[in-house]
Amino acid sequence: MAVRSGWLSPDGQSREDTRLVPLGTMAPVSPVASRSGILPGSVDGMTRLSGFTVEGVAGTMTAVVHPGRAVLQGPDGQGAYPVALAEDLTLTFTDGDAQYDRIDLVVLRIYDDAYDGSGRFEAVIEVVPGSATATPTAPPTPPLALPLYEVRIPKGASAGTAPNWSSALTGRRTATVGLGGILPVTSDTTNGAYPGQYRDLGSVLQRWSGTAWADYQPPVAVETTTTGATATTDWSVLSYNARRTRGVCSFNLALARTGANLVATAAGTTNPGNVNDTQIATLPAGWRPAQDSYAIATDGYADGSVRILADGSVLLITWATSGVIQTGNNVRISACYVL
């Protein structure tokens, strides 16, 4: 038996079956029912959903279904069926129609005679054939079955002119996880089961609000500091207040001029307003810009600009033409940049 099942056979199940099939409480869809789906995961950790992957065999009308584990939920009163495919399984597709394409459906299916009168107690992977028409569509999913793939069989397809398997297969698998787990979403758009449930869209984490899936916004982490900024000769730090969050930093820095008056070049000179790129302070590590940034500085009488380097150096680069920063004046700088 290629597909193993738990709690299905009237003759009991082997210890090996019990070890292979998934156990535990899965993501709910009602107070007593679980979400049908395939358990996520892959050997190398690079694929969200590798269980029950179907690959066509080139030049043939066959495809291989690879191992995986899944849970199939019946009606609430019937319960859920854990299943496992422990080794590769080969499927064979009937030849194509002479005139039209068709779309077959590969499903993982439960037969339980106690509920369906089928005379069978087993889990199987089977091909549900579609109808060959000018505009073919996939057949309906049978009861208590989980669709795995749609397979387009071209007209005239046979072992001699097999389908192009790279384009013939369309994935229909959906995932399930244990209670409280983050659900990797593939092709399904179903509602959540409870407020606070999470799902992963591949690049976005979403939370079910009770009425809709919404992109999850984690709590904003904000850090602040008032220490670490230092002044150069002829300056002293009066205050420093910095805030950083989500890779962005803003700060206010107040410095007192303790040295001689600093005079900018006058109008009519070669570079009016120049102060020779004077370093006046250094910002602490971790609070510095990723690349050079510029900001406005003022002492309340005139203003100028500063350049903030990636190493934390704060350079006064311009001041008002003929302006004077007098000894004792306080210069205030405000900036915002990416860390």
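Without hydrogens or angle criteria, Ser322 side chain to Ala320 main chain gives no donor-acceptor distance under 3.5 Å. Listed for the Thr318 side chain is a donor-acceptor partner under 3.5 Å among the backbone atoms of Ser305. Of the possible polar contacts, none joining the Thr141 side chain to the Pro147 backbone as a donor-acceptor pair under 3.5 Å is found. Thr47 places no side-chain N or O within donor-acceptor distance of the main-chain N or O of Leu49, the cut-off being under 3.5 Å. Remark: side-chain polar atoms of Arg244 are paired, donor with acceptor, to backbone N or O of Gly286 under 3.5 angstrom. A donor-acceptor pair under 3.5 Å links the side-chain atoms of Arg48 to the main chain of Val185, judged by distance alone. Gln73 places a side-chain N or O within 3.5 Å of a backbone atom of Ser34 that can act as its donor or acceptor partner. Panel note: side chain Thr53, backbone His66; no donor-acceptor pair is recorded below 3.5 Å. Thr90 contributes no side-chain N or O that, together with a main-chain N or O of Thr62, makes up a donor-acceptor pair within less than 3.5 Å. Using a distance-only test at 3.5 Å, with no hydrogens or angles considered, a donor-acceptor pair links the side chain of Thr265 to the main chain of Gly273.
With a 4.5 Å cut-off on side-chain heavy atoms, Thr189 and Trp213 do not count as touching. By the 4.5 Å heavy-atom criterion applied to side chains, Trp319 and Ile325 are counted as neighbours. Gln13 places none of its side-chain heavy atoms less than 4.5 Å from the side chain of Arg4. Under the 4.5 Å side-chain criterion, counting only non-hydrogen atoms from C-beta, Tyr240 is in contact with Pro284. Using a 4.5 Å heavy-atom threshold, the side chains of Pro28 and Tyr194 count as touching. Between Arg307 and Tyr294 the shortest side-chain heavy-atom distance falls below 4.5 Å. For the pair Ile280/Ile333, a side-chain contact is recorded, criterion being any heavy-atom separation below 4.5 Å from C-beta on. Side-chain contact between Ser9 and Glu122 is absent, with no heavy-atom pair separated by less than 4.5 Å.
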key: side-chain hydrogen bond (donor to acceptor under 3.5 Å, both in side chains) evaluation trace for Arg332 with Ser239   = CA-CA 9 Å; Arg332 294 175 173 82; Ser239 65; over 6 Å; no

message = side-chain contact (heavy atoms from CB on, under 4.5 Å) for Leu39 and Thr176? Distances and angles first, verdict last.
response = CA-CA 5 Å; Leu39 273 66; Thr176 191; 3.9 Å; yes

task = Quick one: do Asp104 and Val106 satisfy side-chain contact (heavy atoms from CB on, under 4.5 Å)? Show the steps, please.
result = CA-CA 7 Å; Asp104 292 348; Val106 178; 6.0 Å; no

query = After noting the C-alpha distance and the side-chain angles of Leu255 and Val237, does the key distance pass the side-chain contact (heavy atoms from CB on, under 4.5 Å) rule?
reply = CA-CA 5 Å; Leu255 301 168; Val237 175; 3.8 Å; yes

request  = Show the numbers, then the answer: is there a side-chain contact (heavy atoms from CB on, under 4.5 Å) between Thr94 and Arg102?
outcome  = CA-CA 11 Å; Thr94 59; Arg102 75 170 192 273; 2.7 Å; yes

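Looking at every heavy atom in both residues, Ser209 comes nearest to Pro195 through O-CB, 3.9 Å. A pairwise comparison of heavy atoms in Val3 and Ala123 identifies CB-O, 3.4 Å as the closest pair. For Tyr100 against Asp97, the heavy-atom pair with the smallest separation is N-OD2, 2.9 Å. Among all heavy-atom pairs drawn from Leu89 and Ala2, the shortest one is CD1-CB, 3.8 Å. Across Pro22 and Val83, no two heavy atoms sit closer than the pair CD-O, 3.4 Å. A pairwise comparison of heavy atoms in Val306 and Ala297 identifies CG1-CB, 4.0 Å as the closest pair.
The aromatic rings of Tyr216 and Tyr198 stand perpendicular to each other, their planes meeting at an angle above 60°, with 30° marking the opposite boundary.
Between the OG1 atom of Thr327 and the CG atom of Asn261 there is a distance of 4.5 Å, given to the nearest 0.5 Å. Rounding to the nearest 0.5 Å places OH of Tyr337 at 12.5 Å from CD of Gln291. The structure places CD1 of Ile308 at 12.0 Å from CZ of Arg288, a figure rounded to the nearest 0.5 Å. The distance from the CD1 atom of Ile38 to the CG atom of Leu108 is 7.0 Å, given to the nearest 0.5 Å. Put simply, CG on Leu144 and CG on Asp112 are 8.0 Å apart, with the number rounded to the nearest 0.5 Å. With rounding to the nearest 0.5 angstrom, the OH atom of Tyr81 is 9.5 Å from the CG atom of Leu72.
There is no side-chain donor-acceptor pair under 3.5 Å between Arg152 and Ser167. Judged by distance alone, the side chains of Thr278 and Asn276 never bring a donor and an acceptor atom under 3.5 Å apart. Arg109 and Tyr111 form a side-chain donor-acceptor contact under 3.5 Å, judged by distance and modelled atom types alone.
Side-chain heavy atoms closer than 4.5 Å link hydrophobic residues (I, L, V, M, F, W, Y) into clusters, and following such links, even through other members, never connects Leu316 to Ile296. No single ILVMFWY cluster, assembled from side-chain heavy atoms under 4.5 Å apart, contains both Ile103 and Ile153. Side-chain heavy atoms closer than 4.5 Å link hydrophobic residues (I, L, V, M, F, W, Y) into clusters, and following such links, even through other members, never connects Val65 to Val107. Cluster annotation: Val29 is not connected to Leu146 through the hydrophobic network of ILVMFWY side chains, with a link wherever side-chain heavy atoms come within less than 4.5 Å. Under the 4.5 Å side-chain heavy-atom criterion for Ile, Leu, Val, Met, Phe, Trp and Tyr, Val128 and Phe52 are members of distinct hydrophobic clusters.
Surrounding CZ of Arg243 are at most 12 heavy atoms belonging to other residues, nucleotides or ligands under 6.0 Å away.
Checked against a 6.0 Å centroid threshold, the rings of Tyr149 and Trp165 do not count as neighbours.
We find that Asp299 and Arg257 are not joined by a salt bridge, their nearest charged nitrogen and carboxylate oxygen being 4.0 Å or further apart.
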